Amino acid sequence: MFDRTLLERPSLEVAPLLLGALLTCGDVSVRITEVEAYLGADDPGSHSFRGKTKRNATMFGEPGHLYTYFTYGMHVCANVVCSPSGVATAVLIRAGEVVRGIPIAEERRPTAKNFAELARGPARLVTSLGILLADDGDDLASGRVRLDLADAVSPFAQGPRTGVSGAGGTVDFPWRFWIPGDPTVSPYKRSVPKKRAPILDPLG
DNA sequence: CGAAGGATTTTCT
DNA sequence: GAAAATCCTTCGT
(Lines give C-alpha, C1' and ligand atoms only; values in the text may rest on other atoms or scores of the structure.)
Protein backbone atom coordinates (compact mmCIF):
# COMPACT_ATOMS: atom_id res chain seq x y z
CA MET A 1 0.00 0.00 0.00
CA PHE A 2 1.31 3.42 -0.98
CA ASP A 3 -0.73 6.55 -0.24
CA ARG A 4 0.93 9.72 -1.47
CA THR A 5 -1.63 11.96 0.21
CA LEU A 6 -0.36 10.73 3.57
CA LEU A 7 3.10 11.97 2.62
CA GLU A 8 1.90 15.42 1.61
CA ARG A 9 1.77 16.31 5.29
CA PRO A 10 4.74 17.87 7.12
CA SER A 11 7.56 15.49 8.01
CA LEU A 12 6.82 15.79 11.73
CA GLU A 13 3.42 14.21 11.12
CA VAL A 14 4.64 11.69 8.57
CA ALA A 15 7.56 10.39 10.66
CA PRO A 16 5.54 8.23 13.10
CA LEU A 17 3.50 6.86 10.19
CA LEU A 18 6.64 5.36 8.67
CA LEU A 19 7.44 3.22 11.72
CA GLY A 20 6.70 -0.38 10.82
CA ALA A 21 6.52 0.39 7.10
CA LEU A 22 8.41 -1.73 4.61
CA LEU A 23 11.24 -0.32 2.47
CA THR A 24 12.29 -2.55 -0.43
CA CYS A 25 15.14 -2.44 -2.93
CA GLY A 26 15.64 -5.46 -5.16
CA ASP A 27 15.52 -8.66 -3.11
CA VAL A 28 16.03 -6.98 0.26
CA SER A 29 13.27 -5.55 2.45
CA VAL A 30 13.55 -3.64 5.72
CA ARG A 31 10.93 -2.91 8.36
CA ILE A 32 11.52 0.68 9.49
CA THR A 33 12.12 1.01 13.24
CA GLU A 34 13.70 4.46 13.67
CA VAL A 35 13.29 7.77 11.81
CA GLU A 36 14.01 11.48 12.17
CA ALA A 37 12.03 14.43 10.85
CA TYR A 38 13.77 17.28 9.05
CA LEU A 39 11.92 20.52 8.44
CA GLY A 40 12.62 23.38 6.11
CA ALA A 41 12.86 27.05 7.02
CA ASP A 42 12.71 26.63 10.80
CA ASP A 43 15.25 23.83 11.06
CA PRO A 44 18.96 24.77 11.00
CA GLY A 45 19.85 21.09 10.95
CA SER A 46 18.05 20.47 7.68
CA HIS A 47 19.76 20.46 4.31
CA SER A 48 16.92 22.64 3.02
CA PHE A 49 17.39 25.34 5.69
CA ARG A 50 19.41 27.62 3.39
CA GLY A 51 17.23 27.17 0.35
CA LYS A 52 17.34 25.02 -2.74
CA THR A 53 20.68 23.71 -4.01
CA LYS A 54 21.74 21.10 -6.50
CA ARG A 55 22.06 18.47 -3.77
CA ASN A 56 18.76 19.01 -1.95
CA ALA A 57 16.58 19.74 -4.99
CA THR A 58 14.66 16.49 -4.48
CA MET A 59 13.45 17.70 -1.07
CA PHE A 60 11.61 20.54 -2.82
CA GLY A 61 9.85 18.20 -5.23
CA GLU A 62 6.83 15.92 -5.06
CA PRO A 63 6.27 13.99 -1.80
CA GLY A 64 6.78 10.24 -1.81
CA HIS A 65 10.10 10.38 -3.61
CA LEU A 66 13.48 9.18 -2.34
CA TYR A 67 16.09 11.75 -1.31
CA THR A 68 19.59 10.30 -1.06
CA TYR A 69 22.70 12.28 -0.20
CA PHE A 70 26.39 11.62 0.24
CA THR A 71 28.04 12.57 3.53
CA TYR A 72 31.20 12.19 5.61
CA GLY A 73 33.16 11.35 2.50
CA MET A 74 31.89 7.78 2.35
CA HIS A 75 28.29 7.32 3.36
CA VAL A 76 24.88 7.53 1.70
CA CYS A 77 21.69 8.22 3.66
CA ALA A 78 18.07 7.86 2.55
CA ASN A 79 15.03 10.08 3.18
CA VAL A 80 11.34 10.07 2.31
CA VAL A 81 10.32 13.45 0.86
CA CYS A 82 7.26 14.97 2.58
CA SER A 83 5.05 18.06 2.20
CA PRO A 84 3.61 19.36 -1.08
CA SER A 85 5.92 20.37 -3.94
CA GLY A 86 7.78 23.55 -3.10
CA VAL A 87 7.89 22.81 0.64
CA ALA A 88 11.07 20.99 1.61
CA THR A 89 10.62 18.58 4.51
CA ALA A 90 11.76 14.97 4.71
CA VAL A 91 12.11 12.01 7.04
CA LEU A 92 15.53 10.37 7.45
CA ILE A 93 15.35 6.58 7.76
CA ARG A 94 17.73 5.86 10.64
CA ALA A 95 17.31 2.14 11.26
CA GLY A 96 15.32 -0.93 10.39
CA GLU A 97 15.06 -4.70 10.65
CA VAL A 98 15.98 -6.75 7.57
CA VAL A 99 12.99 -9.02 7.01
CA ARG A 100 13.83 -10.32 3.53
CA GLY A 101 17.10 -11.01 1.71
CA ILE A 102 19.14 -11.42 4.89
CA PRO A 103 21.94 -13.40 3.17
CA ILE A 104 22.35 -10.57 0.64
CA ALA A 105 22.46 -7.95 3.40
CA GLU A 106 25.05 -9.98 5.31
CA GLU A 107 27.23 -10.08 2.22
CA ARG A 108 27.01 -6.32 1.83
CA ARG A 109 27.70 -5.66 5.52
CA PRO A 110 30.44 -8.11 6.55
CA THR A 111 31.21 -6.16 9.72
CA ALA A 112 27.73 -6.77 11.15
CA LYS A 113 28.02 -9.15 14.11
CA ASN A 114 24.33 -10.01 14.30
CA PHE A 115 21.07 -9.45 12.41
CA ALA A 116 20.29 -6.25 14.34
CA GLU A 117 23.45 -4.54 13.09
CA LEU A 118 22.61 -5.10 9.43
CA ALA A 119 20.48 -1.95 9.20
CA ARG A 120 21.07 -0.17 12.52
CA GLY A 121 22.14 3.34 11.48
CA PRO A 122 21.21 5.38 8.39
CA ALA A 123 24.28 4.54 6.29
CA ARG A 124 24.17 0.88 7.28
CA LEU A 125 20.53 0.59 6.30
CA VAL A 126 21.30 2.05 2.88
CA THR A 127 24.17 -0.40 2.42
CA SER A 128 22.08 -3.44 3.35
CA LEU A 129 19.34 -2.46 0.93
CA GLY A 130 21.77 -1.63 -1.86
CA ILE A 131 20.41 1.90 -2.29
CA LEU A 132 22.69 4.09 -4.38
CA LEU A 133 23.30 7.81 -4.60
CA ALA A 134 21.94 7.52 -8.13
CA ASP A 135 18.55 6.49 -6.73
CA ASP A 136 17.99 10.09 -5.61
CA GLY A 137 14.61 11.38 -6.82
CA ASP A 138 13.09 7.96 -7.50
CA ASP A 139 9.33 7.63 -6.97
CA LEU A 140 8.79 5.32 -3.99
CA ALA A 141 5.57 4.09 -5.60
CA SER A 142 7.14 2.83 -8.81
CA GLY A 143 10.94 3.20 -8.69
CA ARG A 144 13.81 0.85 -7.88
CA VAL A 145 13.24 1.60 -4.18
CA ARG A 146 9.69 1.20 -2.91
CA LEU A 147 7.79 2.06 0.23
CA ASP A 148 4.92 -0.05 1.57
CA LEU A 149 2.82 1.54 4.32
CA ALA A 150 0.58 -1.50 4.81
CA ASP A 151 1.78 -2.50 8.27
CA ALA A 152 2.87 0.93 9.42
CA VAL A 153 0.95 0.73 12.68
CA SER A 154 3.17 0.58 15.75
CA PRO A 155 3.34 2.17 19.15
CA PHE A 156 6.15 4.69 19.03
CA ALA A 157 8.47 6.67 21.25
CA GLN A 158 9.60 10.23 20.59
CA GLY A 159 12.71 12.10 21.66
CA PRO A 160 15.53 14.47 20.67
CA ARG A 161 17.12 14.13 17.25
CA THR A 162 20.61 12.70 17.20
CA GLY A 163 23.75 13.11 15.19
CA VAL A 164 22.95 16.68 14.24
CA SER A 165 25.77 19.06 15.04
CA GLY A 166 26.05 22.75 14.37
CA ALA A 167 23.15 25.08 15.09
CA GLY A 168 20.58 22.32 14.74
CA GLY A 169 22.27 20.22 17.38
CA THR A 170 22.54 22.84 20.08
CA VAL A 171 18.86 22.44 20.93
CA ASP A 172 17.16 19.12 21.46
CA PHE A 173 13.88 18.89 19.55
CA PRO A 174 11.69 15.78 19.86
CA TRP A 175 11.94 15.05 16.17
CA ARG A 176 13.19 11.47 16.41
CA PHE A 177 10.75 8.57 16.45
CA TRP A 178 11.35 4.89 17.09
CA ILE A 179 9.64 1.62 17.99
CA PRO A 180 10.24 1.13 21.74
CA GLY A 181 12.37 -1.82 22.72
CA ASP A 182 13.28 -2.83 19.17
CA PRO A 183 16.82 -4.26 19.05
CA THR A 184 17.56 -2.58 15.72
CA VAL A 185 17.21 0.97 17.08
CA SER A 186 20.55 2.78 17.30
CA PRO A 187 21.87 2.28 20.83
CA TYR A 188 24.81 4.65 20.75
CA LYS A 189 22.72 7.82 21.02
CA ARG A 190 19.88 7.34 23.46
CA SER A 191 16.71 9.39 23.69
CA VAL A 192 18.20 11.12 26.71
CA PRO A 193 21.96 11.16 26.20
CA LYS A 194 24.02 10.81 29.33
CA LYS A 195 26.03 13.83 28.32
CA ARG A 196 27.88 14.02 31.62
CA ALA A 197 30.18 16.95 32.11
CA PRO A 198 33.80 15.88 31.58
CA ILE A 199 35.58 14.90 34.79
CA LEU A 200 38.52 17.23 35.30
CA ASP A 201 41.52 16.51 37.46
CA PRO A 202 42.49 19.69 39.35
CA LEU A 203 46.02 18.34 39.83
CA GLY A 204 46.47 17.84 36.09
C1' DC B 1 30.26 -0.82 27.81
C1' DG B 2 31.98 3.91 26.85
C1' DA B 3 35.06 7.35 24.87
C1' DA B 4 38.06 8.92 21.30
C1' DG B 5 40.12 9.40 16.86
C1' DG B 6 40.58 8.37 11.84
C1' DA B 7 38.76 7.79 7.25
C1' DT B 8 37.45 10.63 3.06
C1' DT B 9 34.83 13.85 -0.30
C1' DT B 10 30.98 16.70 -1.26
C1' DT B 11 29.00 21.00 -0.38
C1' DC B 12 28.66 25.63 0.76
C1' DT B 13 30.96 29.98 2.83
C1' DG C 1 38.93 25.99 3.95
C1' DA C 2 35.80 24.01 7.25
C1' DA C 3 32.04 21.31 8.42
C1' DA C 4 29.27 17.41 7.76
C1' DA C 5 21.78 14.04 9.17
C1' DT C 6 28.42 8.38 9.97
C1' DC C 7 30.87 4.11 10.77
C1' DC C 8 34.74 1.40 12.38
C1' DT C 9 38.73 0.40 15.24
C1' DT C 10 41.23 0.80 19.24
C1' DC C 11 41.97 1.63 23.83
C1' DG C 12 40.42 2.05 28.72
C1' DT C 13 37.46 0.53 32.61
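So that the names make sense, note that chain A is the first sequence line, chain B the second, and so on, each numbered from 1. It should be emphasised that the depicted structure is a prediction, and the values quoted were computed from it without experimental measurement.
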- Message: Could you check whether A/Arg4 pairs with A/Asp139 (Lys NZ or Arg NE/NH1/NH2 to Asp/Glu carboxylate O, under 4.0 Å)?
- Response: yes
- Charged N-O contact under 4.0 Å between A/Arg109 and A/Glu117: no
N/O-N/O pairs, protein side and nucleotides 9-13 of chain C side, under 3.5 Å:
none

Taking [atom1] from [X] and [atom2] from [N], how many angstroms apart are they, rounded to a whole number?
{"X": "A/Leu125", "N": "C/dT6", "atom1": "CG", "atom2": "P", "answer": "13 Å"}
{"X": "A/Asp136", "N": "B/dT10", "atom1": "CG", "atom2": "P", "answer": "15 Å"}
{"X": "A/Arg176", "N": "C/dT6", "atom1": "CZ", "atom2": "C1'", "answer": "14 Å"}
{"X": "A/Trp175", "N": "C/dA5", "atom1": "CH2", "atom2": "C1'", "answer": "13 Å"}

Considering only nitrogen or oxygen atoms on both sides, find all protein atoms under 3.5 Å from nucleotides 11-13 of chain B and state each distance.
residue	atom	partner	partner atom	Å
B/dC12	OP1	A/Thr53	OG1	2.5

- Residues that, via side-chain heavy atoms closer than 4.5 angstrom, fall in one hydrophobic cluster with A/Val99: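 Its cluster mates, by chain and number, are A/Leu22.
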Can you tell me how far the [atom1] atom of [X] sits from the [atom2] atom of [Y], to the nearest 0.5 Å?
{"X": "A/Met59", "Y": "A/Lys52", "atom1": "CE", "atom2": "NZ", "value": "12.0 Å"}
{"X": "A/Tyr38", "Y": "A/Thr89", "atom1": "OH", "atom2": "OG1", "value": "13.0 Å"}
{"X": "A/Glu36", "Y": "A/Arg176", "atom1": "CD", "atom2": "CZ", "value": "6.5 Å"}

- Message: At less than 4.0 Å, is any side-chain N or O atom of A/Arg120 found next to OP1 or OP2 of C/dC7? Yes or no.
- Response: no
- Query: Considering all heavy atoms of both residues, which atom of A/Pro183 and which atom of A/Ala116 are nearest to each other, and what is their separation?
  - Reply: O-CB, 3.7 Å
Write out a two-atom table: protein N or O, nucleotide N or O from nucleotides 5-8 of chain B, distance below 3.5 Å.
residue	atom	partner	partner atom	Å
B/dT8	O2	A/Tyr72	O	2.9

- With side chains defined as the heavy atoms from C-beta onward, is the minimum distance between A/Phe49 and A/Leu39 less than 4.5 Å?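 Answer no - side chains too far apart.
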- Item | side-chain contact (heavy atoms from CB on, under 4.5 Å) assessment of A/Phe115 paired with A/Val98 | CA-CA 8 Å; A/Phe115 86 97; A/Val98 180; over 6 Å; no
- Pairs flagged by side-chain hydrogen bond (donor to acceptor under 3.5 Å, both in side chains) wherever residues 140-150 of chain A is involved - sequence neighbours left out: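 Listed once each, the pairs are A/Asp135-A/Arg144.
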- Query: Going by atom types alone, do A/Asn56 and A/Ser48 pair a side-chain donor with an acceptor below 3.5 Å?
  - Reply: no
- Note on the structure: For DNA chain C, the dot-bracket notation using Watson-Crick and G-U wobble pairs below 3.5 Å, [ ] for pseudoknot-type crossings and | for other-strand pairs, is ||||.|||||||.
- Can A/Arg31 and A/Asp182 be said to form a salt bridge (charged side-chain N to carboxylate O under 4.0 Å, His left out), step by step? CA-CA 11 Å; A/Arg31 173 177 157 265; A/Asp182 195 287; 3.3 Å; yes
- Task: Give a yes or no on whether A/Asp42 atom CG has more than 12 heavy-atom contacts from other residues, nucleotides or ligands under 6.0 Å away.
- Result: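 No, because the 6.0 Å sphere around CG of A/Asp42 holds 12 heavy atoms or fewer from other groups.
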